[in-house]
There are 4 protein chains.
Amino acid sequence: MKPKDESKIDEIFAATLELVKEHGLSGITVNMIAKKAGFATGTVYIYFENKEQLIVKLFEKCFYAYAKDYFQGFDAAAPFKVAFHTIWMNMLRISVEHFSELIFIEQCFHSPFISDETRASSKEILVPWRNLLDRGKSERLIKQVDTIWIMAYVRGVIREMVKFIKYNHVEMTPEFVNTMFDMCWDGIKD
Amino acid sequence: MKPKDESKIDEIFAATLELVKEHGLSGITVNMIAKKAGFATGTVYIYFENKEQLIVKLFEKCFYAYAKDYFQGFDAAAPFKVAFHTIWMNMLRISVEHFSELIFIEQCFHSPFISDETRASSKEILVPWRNLLDRGKSERLIKQVDTIWIMAYVRGVIREMVKFIKYNHVEMTPEFVNTMFDMCWDGIKD
Amino acid sequence: MKPKDESKIDEIFAATLELVKEHGLSGITVNMIAKKAGFATGTVYIYFENKEQLIVKLFEKCFYAYAKDYFQGFDAAAPFKVAFHTIWMNMLRISVEHFSELIFIEQCFHSPFISDETRASSKEILVPWRNLLDRGKSERLIKQVDTIWIMAYVRGVIREMVKFIKYNHVEMTPEFVNTMFDMCWDGIKD
Amino acid sequence: MKPKDESKIDEIFAATLELVKEHGLSGITVNMIAKKAGFATGTVYIYFENKEQLIVKLFEKCFYAYAKDYFQGFDAAAPFKVAFHTIWMNMLRISVEHFSELIFIEQCFHSPFISDETRASSKEILVPWRNLLDRGKSERLIKQVDTIWIMAYVRGVIREMVKFIKYNHVEMTPEFVNTMFDMCWDGIKD
DNA sequence: GATGAATGAGCCTTCATTCAT
DNA sequence: CATGAATGAAGGCTCATTCAT
């Protein structure tokens with residue numbers, strides 16, 4: 001169940017993401033995935049037990065990938081706003097670059113594929129982010145609001161920005177990014 | 001003679017929303033919908049030509065319903081922040097009360113059911129909201145940012161709040177609502 | 001099961017014949033029949049127990065109607081060729097006038113609706129025709145061939161003529177009828 | 001790799017013909033066809049897009065098959081009556097051997113499956129037969145009747161003979177065949 | 001009696017999965 | 001390993017039949 005040609009898994013994943021973005025989770029078939037990835041239907045079943053496992057594994061991978069990159073260049077010792085900015089920018093960039101993944105995860109959340117445990121376990125990877133915000137609160141730089149709500153607030157702002165960029169094929173200029181960061185920051189700063 | 005009972009349409013819609021929230025668009029069948037609504041499969045086909053039409057019609061209805069209620073109690077002559085608050089509160093309340101619709105619309109966006117035209121036409125109903133924000137900008141009460149971005153910002157904040165409330169079964173206290181409104185307002189105020 | 005409004009039965013029959021001619025036995029539904037006849041689906045079930053009975057009863061009626069008219073103006077005492085001509089002309093005229101019935105019967109022959117008994121019992125009504133041909137044989141006016149084959153021969157000639165007339169929208173001139181009668185007669189005459 | 005087994009098409013065709021002969025076009029399902037042919041329902045859809053296409057393709061094949069064999073052993077240089085006899089015998093033999101096809105075509109003629117174009121295009125294959133009859137007319141061996149009517153006459157005689165043979169499980173003796181040929185010939189000879 | 005909405009068994013078709021090559 | 005034909009369970013939809021009005 002773990003053959004050497006690991007690259008095929010990535011091709012299957014890429015095809016799946018692309019197709020879900022275009023047709024939604026309800027609009028894809030294993031055959032479509034195989035065709036798009038460039039091989040026969042049966043080949044998919046060499047690398048995955050079944051369709052559900054393919055979806056679940058991709059779901060997990062997407063979350064892991066996000067986690068890894070969110071904290072790129074993040075220095076816990078840096079001043080709060082600097083650190084916040086670093087992660088914020090990472091989140092924005094990754095969400096744009098991996099828009100398919102974002103859509104895929106959204107579609108999976110309400111689907112028979114993803115179990116409650118899978119959903120729950122996906123939160124742990126954001127611990128450093130939560131810790132940073134807690135620090136911001138203790139340094140009285142941001143509002144004394146339950147950290148979890150601040151996370152939701154930031155997530156919401158970024159997510160909707162990205163969707164708008166993607167759906168309307170808008171260019172993401174530095175100027176615009178700065179403006180949006182300011183809005184986001186002004187909302188939470190003390 | 002038994003007349004066509006148009007109220008059945010609403011029961012079918014309600015059942016569909018509930019099921020999509022629980023299983024996603026990819027996890028529902030016409031049979032499930034009929035069962036949940038309390039009648040036979042064939043009955044659904046008396047009121048809708050096929051599954052696609054059922055989804056599309058529900059999609060349109062959801063958008064229309066939202067539009068109507070967003071502007072409940074809205075007085076265009078009121079001071080900007082008062083008007084903004086009215087609509088903001090409506091948006092929050094409606095999104096919570098009609099969470100199923102919110103999820104349904106989200107799932108539909110990437111699905112074979114909704115055409116690009118349908119997606120596009122859904123924007124017009126928000127014109128009064130856009131006008132209000134334009135006024136806020138001209139009164140120098142909110143930032144000189146493209147209105148469309150402010151709309152995305154507000155939508156993102158509210159949407160993520162509601163999701164969090166719903167997924168974590170959190171109570172929505174007035175205190176919490178005020179805090180979130182302040183964050184949202186602070187983000188855009190000039 | 002035998003209500004007074006007998007005329008509705010005829011309207012149902014007429015609608016069925018017309019529809020079978022156009023769409024074949026496999027292409028019709030009870031709803032289509034009711035619509036074409038001008039009333040509601042349920043009404044059909046007041047006059048017939050079910051679809052099968054409707055078909056069977058119509059099948060029987062068609063055969064009976066044929067029988068009755070085949071022998072119109074037939075005088076058993078007339079010279080053989082005169083009597084033969086009378087019936088032959090009746091057969092031709094009826095087949096043209098009731099082309100829908102002809103097609104209906106043809107379609108029914110290979111269908112789950114008509115039982116072997118129904119098929120078999122339909123032969124009895126042609127006894128006078130058979131007797132006439134037997135007489136023609138004993139008078140040495142027609143060939144000494146098994147009567148049943150002569151019947152098949154005549155039936156085949158007429159049937160194919162009628163089909164051709166109908167499918168190609170050809171006018172049936174007296175001249176043409178005479179020619180075809182001569183061909184038919186020359187084939188069997190001694 | 002298992003290559004597409006085109007011979008399955010013939011098995012599907014054979015099963016369909018057999019079933020239509022027994023139950024009529026209105027009495028068959030794709031499932032019945034698959035079962036009779038010996039494989040799963042889905043297999044039919046590897047070789048045909050849908051039920052309609054299966055019927056249409058079979059219809060076309062039947063017509064082509066007929067055409068090919070009608071002219072077996074036919075020598076255009078032979079004396080007229082010899083050539084006529086050759087084709088007549090072929091027609092009889094083929095109609096008996098391929099009785100299922102004959103019934104299938106008859107049922108298709110009035111069905112939602114066969115388009116007018118398909119019906120029309122099926123006539124061209126009989127051109128050599130028409131030419132032969134024209135020659136017979138110019139040689140004054142057969143009656144000066146529109147060739148198309150002679151074709152209908154011959155077709156009718158043969159068709160009804162074959163039906164009778166099949167429906168009554170009668171043996172087709174050479175003696176009987178000769179008798180019928182004589183009747184057919186006497187009908188058209190000058 | 002007449003209506004046509006409601007029912008659900010059954011048909012056509014799809015698609016996840018298997019398996020022979 | 002890779003392939004794609006074969007499988008058959010399950011979904012969308014139709015339609016014969018029933019039933020409330």
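Every value quoted in this text rests on a predicted model; they were computed, and no experiment measured them. Every chain is numbered from 1 and lettered A, B, ... according to where its sequence line falls, protein lines coming before strand lines.
The CD1-C1' distance, from B:Ile28 to F:dG12, rounds to 12 Å in whole Å. In this structure, D:Glu6 atom CD and F:dA6 atom P are separated by 10 Å, rounded to whole Å. Atom CD1 of D:Ile33 is separated from atom P of E:dG10 by 19 Å (rounded to the nearest Å). In this structure, CE of D:Met32 is placed 14 Å from C1' of E:dC12, rounded to the nearest angstrom. Atom pair B:Tyr45:OH and E:dC11:C1' shows a separation of 13 Å (rounding to whole Å applied). The NZ-C1' distance, from A:Lys35 to E:dC15, rounds to 12 Å in whole Å. For the pair A:Ile55 CD1 and E:dT17 P, the computed distance is 11 Å after rounding to whole Å. As rounded to whole Å, 8 Å separates atom P of E:dT13 from atom NZ of D:Lys51.
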Worksheet item: For DNA chain E, what dot-bracket results from Watson-Crick or G-U pairs at under 3.5 Å, with [ ] for crossers and | for inter-strand partners?
Response: .||||||||||||||||||||
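At the phosphate of F:dT3, OP1 or OP2 sits under 4.0 Å from a side-chain N or O atom of A:Thr43. Neither OP1 nor OP2 of E:dG1 sits under 4.0 Å from any side-chain N or O of C:Tyr47. In terms of phosphate contacts, A:Lys8 brings no side-chain nitrogen or oxygen within less than 4.0 Å of OP1 or OP2 of F:dC1. Here A:Thr29 does not reach the OP1 or OP2 of E:dC15: none of its side-chain N or O atoms lies under 4.0 Å away.
The shortest heavy-atom contact between B:Asn50 and B:Gln53 is OD1-N, 2.9 Å. For the residue pair B:Cys62 and B:Leu17, the shortest heavy atom distance occurs at SG-CD2, 4.2 Å.
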Fill in: Audit row: C:Tyr167, D:His110, ring-ring contact (aromatic ring centres under 6.0 Å, His included) steps and yes/no
CA-CA 11 Å; C:Tyr167 291 151; D:His110 297 272; 5.6 Å; yes
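Annotation: of the two residues near DNA chain F, B:Glu49 and A:Gly42, the 5′-most nearest-nucleotide partner is A:Gly42. Where C:Asn31 and A:Phe39 meet DNA chain F, the nucleotide closest to each residue was compared, and A:Phe39 sits on the side nearer the 5' end. Sequence order on DNA chain E of the closest nucleotides to A:Val30 and C:Val44 puts C:Val44 first from the 5' end.
The side chain of D:Ala40 has F:dT7 as its nearest neighbour among F:dT7, E:dG1, E:dT17.
Side-chain contact annotation: B:Thr29 with B:Asn31, donor-acceptor N/O pair under 3.5 Å absent.
For the pair C:Lys21 and C:Phe99, the cation-pi criterion (under 6.0 Å, within 45° of the ring axis) is not fulfilled.
In this structure, the separation between CZ on D:Phe13 and CZ on D:Phe48 is 4.0 Å, given to the nearest 0.5 Å.
Using a distance-only test at 3.5 Å, with no hydrogens or angles considered, a donor-acceptor pair links the side chain of D:Gln107 to the main chain of C:Gln107.
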